[in-house]
Amino acid sequence: MTRIKVLPHEVICPAGAEFDATPGTTICDALLANHIDIEHACEKSCACTTCHVVIREGFDSLGDAAEKEEDLLDRAWGLEPTSRLSCQAKVADEALVVQIPKYTINHASEGKH
């Protein structure tokens with residue numbers, strides 16, 4: 001099992017969280033399984049950026065992003081060098097510290113976050 005620490009997000013996870021996830025699980029699935037309701041408007045099909053996260057620790061343990069993910073990340077709000085789409089990034093053996101950005105680019109939920 002791999003430890004994931006989620007930094008506080010004022011709406012989705014105000015107190016932050018820590019939990020264990022099985023390697024090979026996507027970060028999005030791990031978050032959802034632990035009651036952290038991260039947006040995933042495209043139902044985890046790598047077609048939007050609503051599940052964008054920033055990996056604060058453990059980024060190098062993740063597999064490389066595919067070209068499609070890289071292209072979508074270019075449109076994500078608050079893009080950083082350690083940004084990933086949580087529906088595509090799979091947990092490995094190294095602990096992760098994950099930050100959910102304050103905003104997403106999702107017209108259906110504008111004003112929610």
[atom1]-[atom2] distance between [X] and [Y], expressed to the nearest 0.5 angstrom:
{"X": "I4", "Y": "E57", "atom1": "CD1", "atom2": "CD", "value": "13.0 Å"}
{"X": "D71", "Y": "T49", "atom1": "CG", "atom2": "OG1", "value": "12.5 Å"}
{"X": "Q88", "Y": "S45", "atom1": "CD", "atom2": "OG", "value": "8.0 Å"}
{"X": "S83", "Y": "E70", "atom1": "OG", "atom2": "CD", "value": "10.0 Å"}
{"X": "R3", "Y": "F19", "atom1": "CZ", "atom2": "CZ", "value": "8.5 Å"}

**Q.** C13: which of D37, I38, I36 passes side chain to side chain contact (heavy atoms under 4.5 Å, CB included)
**A.**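 The single option meeting the side chain to side chain contact (heavy atoms under 4.5 Å, CB included) with C13 is I36.
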Do any N or O atoms from the side chain of [X] and from the backbone of [Y] form a donor-acceptor pair under 3.5 angstrom?
{"X": "T26", "Y": "D29", "result": "yes"}
{"X": "T82", "Y": "F59", "result": "no"}
{"X": "H9", "Y": "Q99", "result": "no"}
{"X": "T2", "Y": "A92", "result": "yes"}
{"X": "S86", "Y": "I27", "result": "no"}
{"X": "H52", "Y": "W77", "result": "yes"}

Q. Quick one: do R56 and E80 make a salt bridge, cutoff under 4.0 Å?
A. yes
Q. Any idea which heavy atoms bring T50 and T104 closest together, and the distance?
A. O-CG2, 3.5 Å
Q) Which heavy atom in G58 sits nearest to a heavy atom in E94, and how many Å separate them? A) CA-OE2, 3.4 Å
(Q) Quick one, H40 with L32, criterion side chain to side chain contact (heavy atoms under 4.5 Å, CB included). Give me CA distance, side-chain angles, the key distance, then yes/no. (A) CA-CA 10 Å; H40 51 288; L32 293 170; 3.6 Å; yes
Q: Sort out for me which residue in R75, R84, K44 forms a salt bridge (charged side-chain N to carboxylate O under 4.0 Å, His left out) with E69.
A: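 Considering R75, R84, K44, a salt bridge (charged side-chain N to carboxylate O under 4.0 Å, His left out) with E69 is found only for R84.
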Q: May I ask you to test the D74-L79 pair for a side-chain heavy-atom distance under 4.5 Å?
A: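 The answer is yes, as the side chains (C-beta and beyond) meet within the 4.5 Å cut-off.
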Q: Flag yes if I100 and L96 sit in one hydrophobic cluster, no otherwise; membership is Ile, Leu, Val, Met, Phe, Trp, Tyr, and two members link when side-chain heavy atoms are under 4.5 Å apart.
A: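 Yes, one cluster joins them.
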Q. Are there more than 12 heavy atoms of other residues, nucleotides or ligands under 6.0 Å from atom CG of D64?
A. no
